[in-house]
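Ligands are counted one by one from 1 in listed order, and the atoms in each one are counted from 1 as well. Note that the coordinates shown come from a computational prediction; the quantities given were computed from them, not determined experimentally.
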Amino acid sequence: MSFPLFSRKATPSVDSELVLQDARKIISRQISEPSRRSFLTRSLSLGGLALLSGCAIDDNDQVENVLMSVSRWNDRVQAALFNPNTMAPTFPASMITRPFPFNAFYGEDEAPEVDEADYELSVTGLVADKKSWRLDELRAMPQTDQITRHICVEGWSAIGRWGGVRFSDFLKRVGADTTAKYVGFKCADDYYTSIDMPTALHAQTQLTLTYDGQTLPRKYGFPMKVRIPTKLGYKNPKHIESIFVTNTYPGGYWEDQGYNWFGGS
Ligand SMILES: Nc1nc2c(c(=O)[nH]1)N[C@H]1C(S)=C(S)[C@@H](COP(=O)(O)O)O[C@H]1N2
Ligand SMILES: [Mo]
């Protein structure tokens, strides 16, 4: 995938204008409100970048650190701008993308095969009820439905229909400490990611059990995924085996390789 801010440059010396261009790009990509965006990108200077990161920009290692700290700074800006009452757009059934694309860090035939009979979702960390969940117990909870757009940073987006349990209902049911900072996810394919608590409690964040009215197919994350239409594709974990609530930053598979952690869409 191409995430310009984190592309490694072959040249040993640093072109400060390029660093700034990259930083401006990531900021404008991640801040959707036009006036704030143009203010932030116009006012960003190399000195400002150095100030944000607390270090001088004179070699490539430093640049990596600076870019990483710009990304963490971006997390804070995005968290501050996130409005829990703003809904992601929804669409009519006629606009559903068929076939819906598959994506993972491997090919489609390598998607994990999880056996429903053996499946147990573990729920740990800052929750009152640490019991494990079976699929039929999740199906017995009140279900919701959404037709929303999934946006992948690799350059595609698609509209799909997902059904399942409102994630805030689930968090309440397990007695999650909703003042905690993070909810983390571990998946059957060694993928992992984490989200901020306000996003976990957002009305459209869904513990997803169906795709297009059918049991969630293997390629789209059987037995369970979490659908978060306010976030980019890589923050929508499939094949989830464990959910935990924590105040310790859990990172993520792509986030630990430089993708922005907040990852708002
Ligand atoms: N477990 C798991 N979840 C994952 C991924 C993955 O590789 N493994 N890839 C992410 C990325 S980058 C995208 S775009 C979406 C793709 O979901 P889809 O196959 O339903 O389109 O899954 C996300 N969740
Ligand atoms: Mo993606």
Handout entry: Audit row: K231, D196, salt bridge (charged side-chain N to carboxylate O under 4.0 Å, His left out) steps and yes/no
Key = CA-CA 11 Å; K231 290 219 185 280; D196 52 295; 3.1 Å; yes
### Task
Test E116 against R139 for salt bridge (charged side-chain N to carboxylate O under 4.0 Å, His left out), laying out the working first.
CA-CA 12 Å; E116 173 165 353; R139 289 184 184 129; 2.9 Å; yes
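The closest approach between a heavy atom of F100 and any atom of ligand 1 is below 4.0 Å. Distances from ligand 1 to the non-hydrogen atoms of W156 include at least one value under 4.0 Å.
At the shortest separation from atom 14 (S) of ligand 1 among protein heavy atoms lies H150 NE2, 3.2 Å. At the shortest separation from atom 20 (O) of ligand 1 among protein heavy atoms lies Y220 CD2, 3.5 Å.
Close approach of ligand 1 to F105 (heavy-atom distance below 4.0 Å) involves ligand atoms 7 (O). Here is the list of ligand 1 atoms found below 4.0 Å of a heavy atom in P101: 18 (P), 19 (O), 21 (O). Within ligand 1, the atoms closer than 4.0 Å to a non-hydrogen atom of C187 are 1 (N), numbered from 1 in the order shown. Set against the non-hydrogen atoms of F102, the atoms of ligand 1 under 4.0 Å away are 19 (O). Using a 4.0 Å cut-off to heavy atoms of C152, the atoms of ligand 1 that qualify are 14 (S).
With a 4.0 Å heavy-atom cut-off, ligand 1 is reached by the side chain of Y191 but not by its N, CA, C or O. The backbone of N236, and not its side chain, has at least one atom closer than 4.0 Å to an atom of ligand 1 (non-hydrogen atoms only; backbone = N, CA, C, O). Counting heavy atoms under 4.0 Å from ligand 1, residue A104 touches it through both backbone and side chain.
Heavy-atom neighbours of R173 CZ from other residues, nucleotides or ligands within 6.0 Å: at or below the threshold of 12.
Considering E137, K131, R134 in turn, R134 is the only one that fulfils the side-chain contact (heavy atoms from CB on, under 4.5 Å) rule with E120. Looking at Y182, Y234, Y253 one by one, the single match for ring pair (Phe, Tyr, Trp, His ring centres under 6.0 Å) with W261 turns out to be Y182.
Checking T208, D189, N103, I151 against atom 1 (N) of ligand 1, the nearest heavy atom belongs to D189. Summarising the contacts of atom 3 (N) of ligand 1 with K238, K225, E110, E154, the nearest heavy atom is found in K238.
How far CD1 of I195 is from CD1 of I228: 4.0 Å, rounded to the nearest 0.5 Å.
Judged by distance alone, the side chain of H150 and the main-chain N or O of R227 form no donor-acceptor pair under 3.5 Å. Using modelled atom types, no side-chain atom of T215 and backbone atom of T210 make a donor-acceptor pair closer than 3.5 Å. With T208 contributing its side chain and Q206 its backbone, the two residues share a donor-acceptor pair below 3.5 Å.
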